[in-house]
2 protein chains.
Amino acid sequence: MSRVTIKDIARVLGVNPSTVSRALHNHPDVSIELKANIKQLAEQMGYKPNQMAINLRNGKSKTIALIIPEISMFFFPSVMKAIEEEAHKRGYNLLVLHSNDDVQREIQNAEICAFTGVEGVLVSLTKESFETSHFLDLSYSGVPVVYFDKVPNNIQGHKVIVPGKEATIQAVEYLIQHSENHQRICGFFGDPRLSITQDRVEGFRQALTQANRLFYIQDAFFVNNSQKAEETFLTLWNSANPPSALFMMSDEVLAGVIKATHALGLNIPQDLQIVAISDGYLPLLLPQKIPYVETSGYQLGKTAAFYLFDIINEKKTEFETISIETPFRNA
Amino acid sequence: MSRVTIKDIARVLGVNPSTVSRALHNHPDVSIELKANIKQLAEQMGYKPNQMAINLRNGKSKTIALIIPEISMFFFPSVMKAIEEEAHKRGYNLLVLHSNDDVQREIQNAEICAFTGVEGVLVSLTKESFETSHFLDLSYSGVPVVYFDKVPNNIQGHKVIVPGKEATIQAVEYLIQHSENHQRICGFFGDPRLSITQDRVEGFRQALTQANRLFYIQDAFFVNNSQKAEETFLTLWNSANPPSALFMMSDEVLAGVIKATHALGLNIPQDLQIVAISDGYLPLLLPQKIPYVETSGYQLGKTAAFYLFDIINEKKTEFETISIETPFRNA
DNA sequence: TTGAAAGCGCTAACAA
DNA sequence: TTGTTAGCGCTTTCAA
């Protein structure tokens with residue numbers, strides 16, 4: 001029961017395969033009636049074009065790739081959902097490549113993109129991607145690369161980012177304004193090697209400084225995951241000088257700290273005020289009202305996908321750095 | 001800067017392309033030194049095989065597809081993570097196809113799998129997939145299809161499932177045992193068209209019956225998403241006869257109901273006892289200790305992927321229905 | 001308006 | 001051990 005090909009159709013009608021191909025592509029040169037005949041027969045015989053042959057012939061594959069450092073329940077699903085929607089809308093498939101926060105795998109993934117004929121790539125970098133030369137080959141060979149969220153620091157490129165510094169300032173200013181003389185404001189951050197972390201730490205520093213408060217580096221805590229956040233907060237709370245207010249740079253750390261506050265039986269915001277940067281789902285799930293600056297993964301994904309397809313369709317070429325909106329939410 | 005091919009290498013060394021191909025595949029017939037030469041030169045010239053050509057030639061693509069009805073923050077990330085790991089381990093790529101709970105799209109996705117040369121497919125069905133003949137073509141043409149989680153009801157096939165009835169019985173029995181004479185036990189379920197929903201409703205019924213309680217169909221609530229769950233519970237709680245205990249068939253509905261309990265200021269388990277079937281992450285996030293039967297998406301994904309690769313590698317052929325473990329958790 | 005032929009890059013059967 | 005050849009299915013240039 002092997003698949004019916006263009007040749008089969010041609011044979012039946014006694015025409016040339018190339019004619020069939022043209023007819024199916026609505027080439028104007030084919031006579032109307034022949035075109036109709038061919039199309040009908042193709043339909044009848046259940047013809048489906050062989051995508052692999054088309055890919056080889058065209059050197060591309062109606063597929064875009066999404067390269068991500070980790071698959072977590074926060075952020076990733078909404079990003080992915082948005083990207084999938086845009087890809088599907090344009091008849092593209094989505095290849096998901098997971099780097100597992102390992103540069104070596106990121107490099108492999110970039111290679112896979114090259115051999116496999118994807119037409120564009122959306123990348124969020126690993127913690128260790130200090131340089132991104134492994135994506136150069138792709139760019140050179142005409143495969144556009146759009147970086148989003150975790151983007152390269154010192155390299156120019158197509159980028160879609162969360163304005164992390166500004167978002168942090170918004171969040172921390174809220175903390176400062178909405179509470180009388182906080183003893184100690186601490187910040188919980190992700191991996192310090194990431195530029196998104198650095199931006200947010202800088203925002204934290206600036207917000208404090210602008211409010212005429214001193215910024216102590218020991219008030220910034222760097223944790224690699226939820227669990228570390230939980231442990232770190234427990235220790236911090238039981239220390240000599242526990243914080244009165246907390247800034248959380250992501251859902252990941254928020255989740256950990258929240259668990260700790262439950263374990264400790266803390267009342268929020270009475271015992272401890274918390275403000276976060278969040279995709280928006282987690283805060284709604286919690287009994288405590290946690291104000292947050294929304295950095296929508298869905299929005300980020302949409303924007304990055306649009307940007308990528310604009311490049312693929314040659315509506316854009318120059319490097320841009322697009323920032324998404326970050327509304328403050330206080331339900 | 002077009003990519004270097006086997007022909008280029010052959011030309012440089014004055015040998016035949018097929019020899020190069022053989023050498024690179026470690027074919028025993030090629031002389032050791034020639035093989036060494038070829039490999040070295042290939043390395044030097046930065047040769048990378050053209051995956052599209054290989055795909056066309058072989059009629060397959062070192063890719064598996066994952067067809068899912070929806071991209072949500074629960075379940076999906078852990079399933080996907082497990083599948084990605086197994087695929088990567090075996091040098092396979094992962095094409096993610098989203099059906100958006102629409103049979104038409106599921107049918108399209110099945111077709112994409114066929115044209116695109118994927119070597120295997122993992123499917124979780126939409127709410128509307130009452131029949132699955134659209135996957136028959138794939139199976140016939142030798143592309144194995146493994147159904148997982150939302151599987152077809154009356155059709156035989158390769159399946160990996162959560163033993164939903166048993167899990168529900170476990171959960172509801174806990175509810176019955178750990179509380180004196182509940183006035184009313186209600187169950188919150190997903191879409192009634194899904195076999196996983198039907199299984200769980202049946203479990204709910206059996207658990208009640210076995211405990212010599214009557215099963216009232218009006219105690220089973222069917223909600224399509226978190227928000228509906230939230231609304232439904234609010235109404236229910238404000239009704240004449242609010243429940244004293246609740247069974248949640250998934251994280252999705254649990255999330256909604258939890259939000260409602262927060263809005264109502266309910267104490268759990270004092271005001272209302274809740275038990276759930278869950279992937280395990282959400283209950284840990286909440287201040288209330290919610291006992292749950294764990295149905296690990298990660299486990300499900302792993303199992304389904306293993307099963308699929310066993311078929312691809314011809315270690316298995318007959319239809320099986322594998323159930324994953326569902327441990328009871330009460331942290 | 002249609003046909004013939006070449007070729008995308010790779011592999012495998014068959015020859016030598 | 002290596003070369004020759006053909007072909008996977010499709011598209012496209014060139015010729016008729």
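Given the structure is predicted, the values throughout are model-derived calculations rather than measurements. Per chain, numbering begins at 1; letters A, B, ... match sequence-line order. Heavy atoms only: backbone and side chains are in, while hydrogens, waters and symmetry mates are out.
More than 12 heavy-atom neighbours from other residues, nucleotides or ligands sit within 6.0 angstrom of NZ on K39(B). Shown here is K315(B), whose NZ atom has no more than 12 heavy atoms of other residues, nucleotides or ligands within 6.0 Å.
For the pair S21(B) and dC10(C), the criterion of a side-chain N or O lying under 4.0 Å from OP1 or OP2 is not met. Side-chain nitrogen and oxygen atoms of K35(B) include none within less than 4.0 Å of the OP1 or OP2 phosphate oxygen of dT1(D). Checking the phosphate oxygens (OP1, OP2) of dC8(C), a side-chain nitrogen or oxygen of K7(B) falls inside 4.0 Å. Between T19(B) and the phosphate of dG3(D), there is a side-chain N or O to OP1/OP2 separation shorter than 4.0 Å. In this structure, T5(A) does not reach the dG9(D) phosphate: none of its side-chain N or O atoms is under 4.0 Å from OP1 or OP2. Put simply, N16(A) has a side-chain N or O that comes within less than 4.0 Å of OP1 or OP2 on dA4(C).
Between the CZ atom of R11(A) and the C1' atom of dG3(C) there is a distance of 16 Å, rounded to whole Å. In this entry the distance linking CG of D29(B) with P of dT11(C) reads 16 Å, nearest Å. Between the CG atom of L13(B) and the P atom of dT2(D) there is a distance of 11 Å, rounded to whole Å. Atom NE2 in H25(A) sits about 12 Å away from atom C1' in dG9(D), given to the nearest Å. Protein atom CG of L24(A) is 16 Å distant from nucleotide atom P of dG9(D), rounded to whole Å. Distance I9(B) CD1 to dC10(C) C1': 12 Å, rounded to the nearest Å. Spacing between atom CD1 of I38(A) and atom C1' of dG3(C) amounts to 12 Å, rounded to whole angstrom units.
Using a cut-off of 4.0 Å between Lys/Arg side-chain N and Asp/Glu carboxylate O, K302(B) and E85(B) are scored as salt-bridged. Taking a cutoff of 4.0 Å between a charged side-chain nitrogen and a carboxylate oxygen, R90(B) and E86(B) qualify as a salt bridge. Ion pairing of E320(A) with K316(A) is present here, as a side-chain N (NZ or NE/NH1/NH2) and a carboxylate O approach within less than 4.0 Å. Between R105(A) and E84(B) a salt bridge is recorded (basic side-chain N to carboxylate O distance below 4.0 Å).
Listed nucleotides dT1(D), dT11(D), dA4(C) differ in distance to I6(A); the shortest reach to its side chain belongs to dT11(D).
Side-chain atoms of S61(B) and E119(B) form no donor-acceptor pair, as typed in the model, at a separation below 3.5 Å. Looking at E131(A) and S133(A), their side chains do bring a donor and an acceptor atom within 3.5 Å of each other. In the model, E33(A) has no side-chain atom that pairs as donor or acceptor with a side-chain atom of N37(A) under 3.5 Å.
Comparing the local axis fitted to the first five base pairs of the helix from dT1(C)-dA16(D) to dA16(C)-dT1(D) with the one fitted to its last five gives a bend of 50°, rounded to 10°.
Taking both residues in full, the closest heavy atoms of G297(A) and D279(A) are given as N-OD1, 2.8 Å, listed atom of the first, atom of the second, then distance.
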Q) Please walk me through it: do H158(A) and Y147(A) pass ring-ring contact (aromatic ring centres under 6.0 Å, His included)? A) CA-CA 6 Å; H158(A) 306 290; Y147(A) 300 95; 8.6 Å; no
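For F309(A) and Y92(A), the distance between ring centers is under 6.0 angstrom.
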Can you give me the N/O atom pairs linking the protein to nucleotides 13-16 of chain D at distances under 3.5 Å, or say none if there are none?
| unit_1 | atom_1 | unit_2 | atom_2 | d |
| --- | --- | --- | --- | --- |
| dT13(D) | O4 | R22(A) | NH1 | 3.4 |

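Using a 4.0 Å cutoff on non-hydrogen atoms, the parts of residues 43-63 of chain A near DNA chain C are L56(A), R57(A), ordered by number.
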